[in-house]
2 protein chains.
Amino acid sequence: MKTPTLEDVAARAGVSTATVSRCLNAPEKVVERTRLRVMEAVRDLGYAPNFSARALAEKRTRTIGAVIPTMENAIFAEGLQAFQDVLQGGGYTLLIASSGYDPKVEEDQIRTLVARGAEGLLLVGYDRAPAIAAFLEAQNVPSVIAWAHDTTQPGCSVGFDNRAAMRALVTHALELGHRRVAMISAPLQGNDRARERHAGVLAALKERGLELEAMVETPYDLEGGGEALQQVLRDKPETTLVVCGNDVLAAGALEGARIIGLDVPADISITGFDDIALARIVRPALATVRVPHRDMGEAAARAVVSLVETGRAENRILEAQMCLRASLGTPKRPS
Amino acid sequence: MKTPTLEDVAARAGVSTATVSRCLNAPEKVVERTRLRVMEAVRDLGYAPNFSARALAEKRTRTIGAVIPTMENAIFAEGLQAFQDVLQGGGYTLLIASSGYDPKVEEDQIRTLVARGAEGLLLVGYDRAPAIAAFLEAQNVPSVIAWAHDTTQPGCSVGFDNRAAMRALVTHALELGHRRVAMISAPLQGNDRARERHAGVLAALKERGLELEAMVETPYDLEGGGEALQQVLRDKPETTLVVCGNDVLAAGALEGARIIGLDVPADISITGFDDIALARIVRPALATVRVPHRDMGEAAARAVVSLVETGRAENRILEAQMCLRASLGTPKRPS
DNA sequence: CTATGCGATGTAAGCGCTTACAAGGCAAGC
DNA sequence: GCTTGCCTTGTAAGCGCTTACATCGCATAG
């Protein structure tokens with residue numbers, strides 16, 4: 001019992017395959033009487049078009065690929081969900097791959113997606129080998145960069161200014177009186193979002209003639225944040241503010257502070273970035289930066305589709321807002 | 001500048017398309033001298049096979065579909081990641097869709113995936129319209145059910161016994177002396193995992209001749225958990241243990257308890273389910289049930305592939321372990 | 001030296017669909 | 001009545017690949 005084909009439907013409806021195809025793809029080109037007959041045959045047979053055949057004939061796969069660092073993080077999941085919703089509405093299918101923050105894996109995934117017929121790509125950040133851009137160029141596969149924004153870089157992007165957002169947050173903290181500032185970040189290597197956030201911290205400090213007391217790079221998990229905080233305070237006990245590159249590290253740092261008996265924010269302030277649900281549930285709640293994931297995902301989807309269909313799309317820069325909460329307070333002994 | 005085809009490669013290497021195809025798919029059937037020549041042509045031209053054409057000719061898409069309730073939850077993300085890793089290793093591509101816990105959407109997604117050529121499906125739980133099973137049967141698309149396990153149901157499943165795990169946890173709590181137990185759960189409608197966990201609570205209670213004091217169904221988020229807890233304690237202030245259907249609700253409940261000034265676990269114990277990272281970061285840490293997501297994802301992938309390739313696969317039931325932490329304690333005033 | 005067999009390669013027929021082009025029918029205009 | 005042109009439908013040529021079968025060449029056996 002094989003699945004019915006266009007031809008089966010045509011035979012049953014007593015028309016040619018071309019007519020059936022037209023009924024499905026351009027119903028207005030077929031007179032109603034015929035169309036109804038064909039549709040009935042389609043229903044009777046439970047016919048469903050074969051995507052591979054259609055793609056081959058049309059030379060279009062209607063597939064978009066996305067390579068994200070990890071699925072196991074709410075920030076990408078939410079944006080990706082929005083991305084997919086919009087794509088699906090436009091008749092596209094999304095192929096997702098994750099790189100685990102490994103550039104080598106990311107490159108493989110990109111090639112795989114393209115080989116799989118992706119007509120356009122969603123990529124996170126700008127940090128990748130130039131060969132990849134060349135490859136995509138050669139294969140004529142457009143891409144949009146999300147979760148970052150850099151006007152000096154070519155290519156379409158839908159993101160926000162990680163540096164400016166972080167800078168604003170730290171500037172605010174400095175206005176509260178903080179002077180001894182340390183940072184805990186995910187590894188900067190191969191992660192321009194992390195680098196931009198770092199740069200934002202440095203910029204805010206420099207504006208006031210300050211320097212970063214300490215900088216710890218640590219793997220992206222709660223434990224890493226906790227250990228990093230303890231290390232920072234061992235080396236620089238004068239620190240009054242620990243800026244974290246993301247909420248997960250900040251939540252870990254909060255826990256680290258608790259372990260060594262420090263009160264947040266009385267003894268030390270801690271900030272995060274991303275405003276994931278976790279930021280609101282920990283105590284004290286995390287001061288952080290809210291990133292408009294859904295909006296970004298939706299805008300990115302529209303951009304990719306536009307790129308695929310018309311060859312052009314506009315950059316879109318979204319607003320990332322400071323989100324002040326209890327973990328950031330006035331320093332006990334402003335120096 | 002269109003992408004090169006098999007024919008282009010064949011022409012350049014001075015062989016037939018059949019030989020090129022063989023070089024790519026069954027190299028041992030081609031003598032080395034020829035093979036090297038062909039491979040060189042492939043490299044020179046930057047040839048990449050066209051998946052649609054291959055799928056059409058082979059009548060295989062090498063695509064597996066998965067419909068999960070949501071991507072925005074670590075528990076599915078982790079399992080799915082493992083699922084995808086195994087599939088990719090086996091030369092399959094994963095197509096992901098999410099239903100947002102809506103049965104109607106899930107059905108649509110399933111149909112879409114099948115229309116897209118999915119040769120096998122990963123589904124979560126058993127709860128869906130019978131028409132869907134019939135549809136999959138008719139289309140000859142095998143599926144495996146994950147995150148649940150029910151020996152009375154037909155079909156291949158890779159999961160764990162939600163009911164038994166919850167029952168064990170509650171039984172343990174009863175041994176600590178709890179007698180007034182309430183439950184906060186995600187909506188039971190259309191969610192057999194939630195129903196099974198609920199049944200597990202009831203079973204443990206019944207064994208001791210007890211009944212559930214209160215049962216609140218609430219949307220799956222932190223706020224829901226917090227409000228539900230407050231409601232429970234307003235109605236049944238004697239409650240000493242609030243069992244939550246998952247960690248997110250439990251974390252919300254923890255927060256709810258804090259708001260009304262109750263100490264956990266001194267005044268009230270709270271438990272979760274899933275053991276997501278959140279469970280370890282909240283204070284007090286959540287007593288919960290650890291679900292082996294990665295193992296499940298991997299096993300599920302092997303099962304789907306086996307089902308697709310051989311038509312058969314074994315059920316696999318994994319162990320979900322109790323995970324005791326500070327949020328579960330001895331009741332203050334055992335009744 | 002010829003018959004036999006096998007391994008390497010080529011030939012060509014699809015896979016199911018879209019679509020340019022052709023064909024046929026019919027209404028309107030002359 | 002015939003032409004014109006539009007509208008509907010049919011015909012058939014691919015899309016790029018796999019693969020059953022045919023072919024060819026050569027080594028081995030008789």
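Just so it is clear: chains get the letters A, B, ... in the order the sequence lines come, proteins before strands, and each one is counted from 1.
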Take the protein atom CZ of A:R54 and the nucleotide atom P of D:dC17, then report the distance between them rounded to whole Å. 21 Å
Phosphate contact (D:dG10 OP1 or OP2) by A:S16 side-chain N/O below 4.0 Å: yes
Within the structure shown, what part of the strands sits under 4.0 Å from A:F51 by heavy-atom distance: base, sugar-phosphate, or nothing? nothing
At under 4.0 Å between heavy atoms, what does A:T19 touch on the DNA or RNA strands: base, sugar-phosphate, or nothing? sugar-phosphate
Does the side chain of B:V291 come within less than 4.5 Å of B:F160's, by heavy atoms? yes
Tell me the interatomic distance from A:R33, atom CZ, to D:dT9, atom P, rounded to whole angstroms. 9 Å
Have a look at A:T34 and say if it touches a base, only the backbone sugar-phosphate, or nothing, with a 4.0 Å heavy-atom cut-off. sugar-phosphate
Using the rule given for side chain to side chain contact (heavy atoms under 4.5 Å, CB included), can you reason through A:I145 versus A:R128, listing the C-alpha separation, both sets of side-chain angles and the distance that settles it, and then say yes or no? CA-CA 11 Å; A:I145 307 295; A:R128 57 185 62 81; 3.7 Å; yes
Residue pair B:K59/A:S21 against DNA chain C: nearer the 5' end by closest nucleotide is B:K59
Quickly work out the B:R22 CZ to D:dT19 C1' distance and round it to whole Å. 8 Å
Would you mind reading off the distance between B:E32 atom CD and C:dT9 atom C1', rounded to a whole angstrom? 17 Å
Main chain of A:S99, side chain of A:D102: is a donor-acceptor contact present, judged purely on distance under 3.5 Å? no
Starting at atom NZ of A:K29, determine the distance to atom P of D:dT8, rounded to an integer number of angstrom. 11 Å
Nearest-nucleotide comparison on DNA chain C, the residue closer to the 5′ end among B:G14 and A:L56: B:G14
So, the side chain of B:E7 versus the backbone of B:T17: is there a donor-acceptor pair under 3.5 Å, distance only? no
With a 4.0 Å cut-off on N to O distance, would you call B:R316 and B:E298 a salt bridge? no
Among the nucleotides C:dC17, D:dT18, D:dT11, which one has an atom lying closest to any side-chain atom of B:L6? D:dT18
Euclidean distance, atom CG of residue B:D8 to atom C1' of D:dC15 [Å, nearest integer]: 13 Å
Residue A:A57, side-chain heavy atoms: nucleotide from D:dG10, D:dT8, D:dG14 that is nearest: D:dG14
Tell me the interatomic distance from B:L45, atom CG, to D:dG16, atom P, rounded to whole angstroms. 14 Å
Between C:dC15 atom P and B:N50 atom CG, what is the distance in whole Å? 18 Å
Picking from C:dC17, C:dT18, D:dT18, which would you name as closest to the side chain of A:E58? C:dT18
Within the pair B:N25 and D:dT18, is there a side-chain N or O less than 4.0 Å away from OP1 or OP2? yes
